[in-house]
Novice: 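Let me give you the structure first, and then I'll get to my questions.
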Protein chains: 2
Amino acid sequence: MVRKTKEDAAITRQRIIDAAREVFLVRGVSRTSMEQIAAQAGLTRGAIYWHFDSKTEILLALRERVFLPLIDRMDDTLLKAAEGAEDPLLNIERFLTETIQVLNDSSETRQTYEIMMIKCEYVDEFAEVLQQIANNCSNISLNIKRAYQRAQELDLLDTSCTPEEYAMDTYLFFSGLLHMWIKDPEGSERRQQTNNFIRAHVRLRRKTKTA
Amino acid sequence: MVRKTKEDAAITRQRIIDAAREVFLVRGVSRTSMEQIAAQAGLTRGAIYWHFDSKTEILLALRERVFLPLIDRMDDTLLKAAEGAEDPLLNIERFLTETIQVLNDSSETRQTYEIMMIKCEYVDEFAEVLQQIANNCSNISLNIKRAYQRAQELDLLDTSCTPEEYAMDTYLFFSGLLHMWIKDPEGSERRQQTNNFIRAHVRLRRKTKTA
DNA sequence: GGGTTTACATACAAGCATGTTTGTATGTAA
DNA sequence: TTACATACAAACATGCTTGTATGTAAACCC
């Protein structure tokens, strides 16, 4: 069987992406050849070159498929925190735990993060990917700041720092948390304590903590 | 001139490492060939293969040269914080600012970090490097915890969280800070505010903040 | 139902990058 | 001065990867 129906082709395309993810995770992006991806997908390079122009495009497709929904979700939770919520700090806590929960539940997401973090070199055509990530991060950072500003308006926020300082502190905590979580081996002790650390992080910002 | 004296050979070896760092930074580790390193160093591959068995060994040498002194220095500052200091929180703050200061002052350190963070794929023989880094980090984490415990004994520490929770929070902050600092472009606004954010981070932990 | 396009497989050519081998001139010690 | 080790350069052989070109059978469209 050679020529497939359109739905079959879409499945094939997805199989290529899945195969690439599996091989990338083991061999790294650079050391992975088109032939290896094809073999993992049970295809030949011809199929891959029909669906994608290059290995880079596969990686970009892999990334978009996982990152865009996650970014949307994070923005959504944070926007709620900044606008409607009666307890913005709780929403910030929810933003953190939910993101970790996605990593915990979805191996596709977890593996994709691992590839983007420690199995990929950001040079040449990937420099722009780094730029996109930076943009997403600064957007998250901005929304965190708004949430803290709202918490301040509602008099829920400790007064020793400014909302901007809290926001940067939380953003850096979040960034470090993702790296730790991805790099830690599966089922590590620290992974299980993650929610504790998130709660402690947010608790430290509540005004009533010493009252 | 072919055969050099021992000192000349040591200089050549260092030139190879320097050349590799420059090429790695631009092209990434995987895409860099021995030929390119040799050209950058003004040598041939023969010279490189005499000094190093493989590209991996160059990268390891590059890493050790920068990381080991830095790790030592961080351990040193944190140990002082955990044992002798009359203000452990100030020492934690110093640990953070000093590390950033090193990155700021030494382009060799900064570039090496950038290579290890976003221009290198941790697979196969590099999986163990990741393990070493994890060990260093958990050691740092442990020393931070000790410093916070001492701060608690001296009644300098806010009581809303445990020393362990503070330690993890600071470690994740530190991890995120390094990534932000390295990924941000040179002379970025956020880089300059780094010290402010560090001070805010530590200030939040002082007991007297609401007194 | 015939032509056209689609969705692949197969085959071919060319370019690195690697590792190794060989050559060689100099330092170095006896 | 001899004998060997050192510090490279240069040449060689090999394998891998990429890109492209061609083949082909089935799906799609009118």
Side-chain angles (χ1 to χ4, degrees), chain A residues 1-62 115 119-121 123-126, chain B residues 1-62 115 119-121 123-126:
Chain A
M1 74 312 271
V2 183
R3 160 86 160 124
K4 311 282 188 58
T5 170
K6 279 184 184 175
E7 301 89 53
D8 286 342
I11 292 173
T12 298
R13 187 188 143 93
Q14 186 54 44
R15 268 175 57 195
I16 293 172
I17 294 178
D18 289 337
R21 174 162 38 80
E22 292 164 22
V23 185
F24 286 163
L25 197 66
V26 176
R27 312 225 351 135
V29 174
S30 290
R31 295 188 186 185
T32 297
S33 70
M34 295 297 236
E35 180 63 37
Q36 290 164 349
I37 298 174
Q40 180 73 21
L43 299 165
T44 65
R45 285 192 306 130
I48 297 184
Y49 274 108
W50 196 90
H51 283 281
F52 300 96
D53 283 348
S54 66
K55 197 168 63 177
T56 301
E57 296 225 355
I58 303 178
L59 185 56
L60 291 180
L62 176 60
I115 292 168
K119 267 100 196 247
C120 176
E121 298 177 3
V123 288
D124 299 336
E125 66 275 26
F126 275 106
Chain B
M1 75 314 268
V2 183
R3 160 84 162 127
K4 312 282 187 58
T5 170
K6 281 183 184 175
E7 301 89 54
D8 287 341
I11 291 173
T12 298
R13 187 189 143 94
Q14 187 54 45
R15 268 175 56 195
I16 293 172
I17 295 178
D18 289 336
R21 175 161 38 80
E22 293 163 21
V23 186
F24 285 163
L25 198 65
V26 176
R27 312 227 348 136
V29 175
S30 290
R31 296 188 186 185
T32 297
S33 71
M34 295 297 237
E35 180 64 39
Q36 290 164 347
I37 299 174
Q40 180 73 21
L43 299 166
T44 64
R45 286 192 305 130
I48 297 184
Y49 274 107
W50 196 91
H51 284 281
F52 300 95
D53 282 348
S54 65
K55 197 168 63 177
T56 302
E57 295 225 356
I58 303 178
L59 185 56
L60 291 179
L62 176 59
I115 291 167
K119 267 103 195 244
C120 175
E121 299 177 2
V123 288
D124 299 338
E125 65 276 25
F126 276 105

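Just so we're on the same page: letters track the sequence lines, and every chain starts at 1. Side chains are part of it too, since the values below use all heavy atoms of this structure and drop only hydrogens, waters and symmetry mates. All values derive from a computational prediction rather than experimental measurement.
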Novice: Taking CD1 from A:Ile48 and C1' from C:dT10, how many angstroms apart are they, rounded to a whole number?
Specialist: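 Those two atoms, CD1 and C1', are 15 Å apart.
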Novice: Select from B:Gly46 and A:Met34 the residue whose nearest nucleotide in DNA chain D is closer to the 5' end of that strand.
Specialist: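 Nearest nucleotide further toward 5': that of B:Gly46.
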Novice: Provide, to the nearest angstrom, the distance between the CD atom belonging to B:Glu35 and the C1' atom belonging to C:dG15.
Specialist: 14 Å
Novice: With salt bridge (charged side-chain N to carboxylate O under 4.0 Å, His left out) as the criterion, how do A:Arg31 and B:Glu125 come out once you've worked through the C-alpha distance, each side chain's angles and the decisive distance to 0.1 Å?
Specialist: CA-CA 13 Å; A:Arg31 295 188 186 185; B:Glu125 65 276 25; 2.9 Å; yes
Novice: Between the main-chain N or O of A:Ser33 and the side-chain N or O of A:Gln36, is there a donor-acceptor pair closer than 3.5 Å?
Specialist: yes
Novice: Among D:dG19, C:dT18, D:dC8, which nucleotide sits nearest the side chain of A:Tyr49?
Specialist: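 The answer is D:dG19.
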Novice: Without decimals, in angstroms, what is the distance between A:Trp50 CH2 and D:dG23 P?
Specialist: 20 Å
Novice: Could you let me know what C:dT20 is paired to, Watson-Crick or G-U wobble, both distances under 3.5 Å, or none if it's on its own?
Specialist: D:dA11
Novice: From CD of A:Gln14 over to C1' of C:dA7, roughly how many Å is that when rounded to an integer?
Specialist: 17 Å
Novice: Between A:Gln40 (side chain only) and A:Val23 (backbone N and O only), is there a donor and an acceptor less than 3.5 Å apart?
Specialist: no
Novice: Figure out the CD1/C1' separation between B:Ile16 and D:dA7, and round it to whole Å.
Specialist: 10 Å
Novice: Ignoring backbone atoms, test whether B:His51 places a side-chain nitrogen or oxygen under 4.0 Å from the OP1 or OP2 oxygen of D:dA7.
Specialist: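 So the side chain of B:His51 is outside the cut-off, no N or O lying under 4.0 Å from OP1 or OP2 of D:dA7.
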Novice: What does A:Ser33 touch in the nucleic acid at a heavy-atom separation under 4.0 angstrom: a base, only the sugar-phosphate, or nothing?
Specialist: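 The answer is sugar-phosphate, as A:Ser33 gets under 4.0 Å only of primed atoms, P, OP1 or OP2.
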Novice: Take the protein atom CD1 of A:Ile11 and the nucleotide atom C1' of C:dT6, then report the distance between them rounded to whole Å.
Specialist: 16 Å
Novice: Does A:Lys55 reach the main-chain N or O of A:Ser30 with its side chain, forming a donor-acceptor pair under 3.5 Å?
Specialist: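 Yes, A:Lys55 side chain to A:Ser30 backbone: donor-acceptor pair under 3.5 Å.
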Novice: Between C:dT18 and B:Ser54, is there an OP1 or OP2 to side-chain N/O distance shorter than 4.0 Å?
Specialist: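 It does not, given that no N or O in the side chain of B:Ser54 lies less than 4.0 Å from OP1 or OP2 of C:dT18.
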Novice: For the pair made of CG in A:Asp8 and C1' in C:dA7, what is the distance, rounded to whole Å?
Specialist: 10 Å
Novice: With a 3.5 Å limit on both atom pairs, tell me what C:dA7 is paired to, counting Watson-Crick and G-U wobble, or say none.
Specialist: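 Partner of C:dA7: D:dT24.
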Novice: Please state how far atom CD1 in A:Ile37 lies from atom C1' in D:dT18, giving the value in whole angstrom units.
Specialist: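 So the CD1-C1' distance, A:Ile37 to D:dT18, works out to 13 Å.
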Novice: With respect to the side chain of B:Arg45, which nucleotide from C:dT10, C:dA7, C:dG19 is positioned closest?
Specialist: C:dG19
Novice: From the list C:dC8, D:dC8, C:dT18, which nucleotide is the closest neighbour of the side chain of B:Lys55?
Specialist: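 The nucleotide sitting nearest to the side chain is C:dT18.
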Novice: Rounded to the nearest 0.5 Å, how far does CD1 of B:Ile37 lie from CZ of B:Arg15?
Specialist: 13.5 Å
Novice: Considering Watson-Crick and G-U wobble pairs with both distances under 3.5 Å, what does C:dA30 pair with?
Specialist: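 When the pairing criteria are applied, D:dT1 turns out to be the nucleotide that pairs with C:dA30.
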